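Down below is the structure, laid out as structure tokens.
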Amino acid sequence: MTDNLFQPFALNETITLQNRILMAPLTRCMADEELVPTQAMAEYYTRRAEAGLIISEAVLIRPDGQGYPNTPGLFTPAQIDGWRVVTDAVHQAGGKIFAQLWHTGRVAHPHFFEKSGSTQVIAPSAVGLEGSLPRMRELTYRVPKAVSHDEIVQLVADYAQAAANAIDAGFDGVEIHGANGYLIDQFLHCDSNRRTDEYGQTAENMARFPLAVVDAISARIGSDRTGLRVSPGAYVNMAGDSKDRAVFDYLLAELEQRDLAFLHIGIFDDAMEFDYLGGSASSYVRSVYSKTLVGVGSYSAKMGSAAIAADKFDLLAIGRPFIANPDYVARVREGDELVEYSDEMLASLV
Ligand code: FNR
Ligand code: 8K6
């Protein structure tokens, strides 16, 4: 039984989703060399327009946020025009789509953005990742430069501008990518944030930049069109620390005071438990945050439906099965069998 997934859901007074299934953000590395979305991407998203809400693949707010090849941007007129083709097509098909706004922080590599004139990888602190980029083993991660106060102010402005660009491009809203060990998440974990100024050391300070981004974007496009994805449990590009718990307790209490469209967990498998969270990432967030929550992470439609029925979260995001099944929503509704996901499917946009 998955009936509850097919109930409409009002995020707020301005946005109602036709069902409770979200397409999770999925980086596909298929934009053109100018990081402009292509016609093939418009068709890929349009095939999935039956989702209650599509969250786009992560979209760069500016050049120095790039850490993977051919990830699209929202900082040039051509990129905005390219996205308008995508959003128009999704809307024509009856769908809704938010842009996921992204800066990878220390996971970036100048290989991708040195032609923009900058060669500096930036992060909260000068603590690099070990190793090299996925599928580009000749590129090793750099030790980032710790951003200055003025550079933080500029980053907040750049996030807000990218959100305004997303609305110009026809998106229904934005999801701030605060998860998976990228820039915003780097401020929230002790592994990557060693600052001793007003952006480090205490929970309030470590949450200052993420909340400044949330507030600047909300002021620019409305909190009703602003969502946020977070990873309180460190699991990728990040080491966990028991002191991170207090940071997320503070952040989530602050977010409780704001009227975001939704909060979304960033995790690959929601069965993963974190000692310092006292359980899974979703159960922890649910225990301290009472507003709309999107669960995700290795869920089948049945498991997700049961989790919603048990009030563990309100909406279900589906990632890999949506890559394997463009018509995922129809298949679940009809009780049809699903095609199983495999990593080889990442080679083309179907
Ligand atoms: C992802 N995920 C991801 N998350 C995110 O916040 N932004 C992104 O751009 C991406 N990109 C991405 C690409 C690929 C190929 C995969 C497999 C995953 C994570 C994704 O949104 C989701 O959280 C996980 O895939 C877990 O959900 P499923 O796949 O188990 O339903
Ligand atoms: C070159 C493609 C870059 C895409 C970046 C997004 C992440 C892709 C994820 C692929 C699946 C890997 C799962 C790793 C989960 C770690 C859990 C410990």
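Values below: every heavy atom of this structure, side chains too, minus hydrogens, waters and symmetry copies. In each ligand, atom 1 is the first atom listed, and ligand 1 is the first ligand listed. Because the structure is predicted, anything quoted here is derived from the model rather than measured. Numbers here simply count residues along the sequence, with the first being 1.
- The shortest N or O to N or O distance between Ser298 and ligand 1 is under 3.5 Å.
- Residue contacts with ligand 1: Arg320 is placed with a nitrogen or oxygen under 3.5 Å of a nitrogen or oxygen of the ligand (distance criterion only).
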Could you walk me through whether Asn237 and Tyr235 pass the side-chain hydrogen bond (donor to acceptor under 3.5 Å, both in side chains) test, one step at a time?
CA-CA 7 Å; Asn237 300 318; Tyr235 75 103; over 6 Å; no

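- Considering backbone and side-chain atoms alike, Pro25 places an N or O below 3.5 Å from some N or O of ligand 1.
- The distance from ligand 1 to the heavy atoms of Val296 drops below 4.0 Å at these ligand atoms: 23 (O), 27 (O).
- Selection from Phe268, Phe322, Tyr68 by nearest heavy atom to atom 19 (C) of ligand 1 gives Phe268.
- Of all the atoms in ligand 1, the ones that sit under 4.0 Å from a non-hydrogen atom of Thr27 are 8 (C), 9 (O), 10 (C), 11 (N), 12 (C), 13 (C), 15 (C).
- Proximity of Ala179 to ligand 1 is not established, as no heavy-atom distance is less than 4.0 Å.
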| message | Run the side-chain hydrogen bond (donor to acceptor under 3.5 Å, both in side chains) test on Asp64 and Ser118 for me, step by step, so that the C-alpha distance in whole Å, both residues' side-chain angles and the decisive distance to 0.1 Å come before the verdict. | response | CA-CA 7 Å; Asp64 67 358; Ser118 161; 4.7 Å; no

Could you walk me through whether Asp88 and Arg84 satisfy the salt bridge (charged side-chain N to carboxylate O under 4.0 Å, His left out) test, starting with their C-alpha distance in whole Å, then the side-chain angles of each, then the deciding distance to 0.1 Å, before giving a yes or no?
CA-CA 6 Å; Asp88 279 348; Arg84 199 171 292 117; over 6 Å; no

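- Taking a cut-off of under 4.0 Å to the non-hydrogen atoms of Ala24, the atoms of ligand 1 that pass are 21 (O).
- Less than 4.0 angstrom separates some heavy atom of Ala58 from each of these atoms of ligand 1: 9 (O).
- Within the 4.0 Å heavy-atom shell around ligand 1 one finds Ile267.
- For the atom pair Leu5 CG and Ile21 CD1, the distance stands at 5.0 Å (nearest 0.5 Å).
- Ring to ring, Phe262 and Phe9 are not that close: their centroids are 6.0 angstrom or more apart.
- Using a 4.0 Å cut-off to heavy atoms of Pro321, the atoms of ligand 1 that qualify are 31 (O).
- Ring centroids of Phe209 and Tyr199 are separated by 6.0 Å or more, keeping the two rings apart.
- In this view, Glu43 and Gln39, Arg47 satisfy the side-chain contact (heavy atoms from CB on, under 4.5 Å) rule, not counting sequence neighbours.
- Taking the six-membered ring for Trp, Phe248 and His189 have ring centres closer than 6.0 Å.
- No option in Arg225, His91, Lys96 other than His91 meets the side chain to side chain donor-acceptor pair (under 3.5 Å) test with Asp172.
- At under 3.5 Å, not a single nitrogen or oxygen of Tyr341, backbone or side chain, sits near a nitrogen or oxygen of ligand 1.
- Listed by number with element, the atoms of ligand 1 under 4.0 Å from a non-hydrogen atom of Ile318 are 31 (O).
- For ligand 1, the atoms lying closer than 4.0 Å to a non-hydrogen atom of Asn180 are 4 (N), 5 (C), 6 (O).
- When each atom of ligand 1 is checked for a heavy atom of Gln100 under 4.0 Å away, the hits are 5 (C), 6 (O), 7 (N), 8 (C), 9 (O).
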field: Step-by-step side-chain hydrogen bond (donor to acceptor under 3.5 Å, both in side chains) determination, Tyr250 to Asn205
entry: CA-CA 10 Å; Tyr250 174 82; Asn205 285 347; over 6 Å; no

